[in-house]
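For reference, the structure is listed below as structure tokens.
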Amino acid sequence: MAVTIPTRQLFIDGDWKAPISGKRIPIINPSTEDTIGYIPAATAEDVNVAVEAARKAYYRNGGKDWSSAAGAHRAKYLRAIANKIKERKQELIKLEAIDCGRPLDEVAWDMDDVVSCFEYFADAAEKLDSEQRAPVSLPMEAFKCHVLKEPIGVAGLITPWNYPLLMAIWKVAPALAAGCTAVLKPSELASVTCLELGQVCKDVGLPPGVLNIIPGLGPEAGAPLAAHPLVDKISFTGSGATGSKIMTSAAKLIKPVTMELGGKSPIIVFEDVDLDKAAEWTIFGCFYANGQICSATSRLLVHESIASALVEKLVKWSENIKIGDPFEEGCRLGPIISAQQYEKVMKYISTAKEEGATILYGGERPPHLKKGFYVQPTIITDVTTSMQIWKEEVFGPVICVKPFKTEEEAIELANDTHYGLAAAVLSEDLDRCDRVAKAFEVGVVWVNCSQPCFCQAPWGGKKRSGFGRELGETGIDDYLSVKQVTRYASSEQWGWYKPPPKQ
Ligand code: NAD
């Protein structure tokens, strides 16, 4: 399908600006391996200009502009952005699919979520107005107190490539709703739709500098943004290794950070399930988004009494997955994002084999696809808990299967990981599901499903999957600072010190 990729520059201070270094990064179509365009690459000097623009927009007119306007004023812009994205939805879907290789039906769902997210946080911005000056009751009548919720300042937003626009909007929408101005550094592997967001902001007349969008390499653009002294907060989604570097640089300036990191999430399947439903949710939970999901439930724990029957079903359902060009009708599995990620996934599979696991299904490039970074959906059995494939995030369509005997054993195996992002449990017994949901050491639990995600519900992990919560009612809190204002309201002298002698 012919898709024209717009040529864009960096989006800074409400306009397109060429990167100072003149650097560009090729856009590789992961389905064909062809170079289909270029994105501009920001470096530290551009980061400075973008941060200054955000700072100026934050404080313009002595702080009377974006940051101190009513939430209702900001909500109008968020709704206008949502409407513009709705108008351009079909075009954005194609751009996203060609840039990141995910099937059209999936990215169509992403675009609907992007619109909902802007609308949801527009409501949150309005709600903020009614929550201002909330009174605090104090134990001493002489004092009156209220609370102000204020934007935290300039937010640096650093995002990954797996859901390129959606992951960015999870941060942009609440940050702008809160009254922050922002600099977004999307992933160098997929920045096309994030740059289009710049055009959307221009079209709806978002005040210059409120949102700046500067793609570029992590060490060249992300690192200077994270370390910038005029950036008041960093919200990061990506790998633990990068998250750790960002935390180190933020720590030097006592800068608050939100970390949305990786996972190796379990799905526990009990013996009382319907096998076809369980098979479909299991493969959806791990093969959706070409397996490149932070919350992929990639460790299947199945009760031993149904293990071979479920595995048989998984193979049957996997054989039926349409794999190939993301633009083809009915495609359900596209390519991995890049050559480097493809090699990484293949290496995980070959190491699993070397360590003694069985590649029961898949594990290869699909024979009918000669080009593109394609990996078959892969099911691995005979896995032990000491194997790399059981412990580490693969970020590809690879699931490991492990039978269990008892509920206690399943929970123990599920929690035996440094990660704590998500987990799923499938069973007809809802009391058992409740018990297991409580026992999981994670931030997100799915019962009788895996992966559905809604902007109304809080998202985030624990352990090495990060901290802070995006989305949901508290999603805006990460971008707010709470201030108490306490007034001495008595007409009496305070009277703590002895008054000085009268002159
Ligand atoms: P990554 O860590 O390689 O890159 C993420 C972003 O950080 C990119 O924009 C990159 O350019 C930037 N970056 C790289 N080095 C940097 C540095 N030194 N300083 C500042 N920024 C730097 O991750 P990725 O490969 O893009 O994404 C995959 C990872 O993201 C997986 O581990 C996945 O689990 C995680 N993820 C987590 C969530 C979540 O909600 N928890 C969601 C999506 C993805």
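For the numbers below, each heavy atom of this structure counts, side chains included, while hydrogens, waters and symmetry mates do not. We count ligands from 1, going down the list as the structure has it; atoms in each ligand are counted the same way.
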State the atoms of ligand 1, each with its element, that fall below the 4.0 Å cut-off from a heavy-atom position in [X].
X	value
Glu188	10 (C), 11 (O)
Trp459	39 (C), 40 (O)
Ile158	6 (C), 7 (O), 9 (O), 12 (C), 21 (N)
Leu421	41 (N)
Met167	42 (C), 43 (C)
Lys185	8 (C), 9 (O), 10 (C), 11 (O)
Gly262	32 (O), 34 (O)
Gly218	11 (O), 12 (C), 13 (N), 14 (C), 15 (N), 16 (C), 17 (C), 19 (N), 20 (C), 21 (N), 22 (C)

Below 3.5 Å, N or O to N or O, backbone or side chain included: is there any such pair between [X] and ligand 1?
X	result
Ser239	yes
Gln341	no
Trp170	no

Mind checking the [atom1]-[atom2] spacing from [X] to [Y]? Nearest 0.5 Å is all I need.
X	Y	atom1	atom2	result
Leu166	Trp109	CG	CH2	11.0 Å
Ser450	Ile293	OG	CD1	7.5 Å
Leu95	Ile36	CG	CD1	9.0 Å

Donor-acceptor pair between [X] and [Y] side chains, under 3.5 angstrom:
X	Y	value
Lys171	Thr258	no
Lys56	Thr181	no
Tyr374	Ser31	yes
Asn48	Glu52	no

For [atom], what's the nearest protein heavy-atom neighbour? Residue, atom name and distance, please.
atom	value
atom 39 (C) of ligand 1	Cys294 SG, 3.2 Å
atom 31 (C) of ligand 1	Glu393 OE1, 3.5 Å
atom 22 (C) of ligand 1	Thr242 CG2, 3.3 Å
atom 41 (N) of ligand 1	Leu261 O, 2.7 Å
atom 25 (O) of ligand 1	Trp161 NE1, 2.9 Å
atom 21 (N) of ligand 1	Gly222 CA, 3.5 Å
atom 44 (C) of ligand 1	Asn162 ND2, 3.5 Å
atom 35 (C) of ligand 1	Gly238 O, 3.3 Å

Notebook entry, point to check: Can you check whether Trp317 and Phe287 have ring centres sitting under 6.0 Å from each other?
Noted result: no
Margin query: I'd like to know if Pro186 contacts ligand 1, where contact means a heavy-atom distance under 4.0 Å to any ligand atom.
Written below: yes
Next item on the list: Check if Tyr163 has a non-hydrogen atom at a distance under 4.0 Å from any atom of ligand 1.
Entry: no
Checklist line | With Leu184, the side-chain contact (heavy atoms from CB on, under 4.5 Å) member among Ile169, Leu225, Ile214, Leu157 | finding: Leu157
Notebook entry, point to check: How does Pro160 reach ligand 1, if at all, at less than 4.0 Å between non-hydrogen atoms: by side chain, backbone, both, or neither?
Noted result: both
Note to self: Nearest non-hydrogen contact with atom 5 (C) of ligand 1 belongs to which option: Leu166, Ile246, Thr237, Ile337?
What the structure shows: Thr237
Notebook entry, point to check: Does Thr159 reach the main-chain N or O of Ala168 with its side chain, forming a donor-acceptor pair under 3.5 Å?
Noted result: no
Next item on the list: Mind telling me whether Trp161 and Phe395 have parallel, tilted or perpendicular rings, with 30° and 60° as the class edges?
Entry: perpendicular
Checklist line | Parallel, tilted or perpendicular: rings of Phe284 and Trp281 (30°, 60°) | finding: perpendicular
Check: Around Arg464, counting heavy atoms of other residues, nucleotides and ligands shown, do more than 12 lie under 6.0 Å from its CZ?
Finding: no
Check: Any ion pair linking Lys371 and Asp325 (charged N to carboxylate O, less than 4.0 Å)?
Finding: no
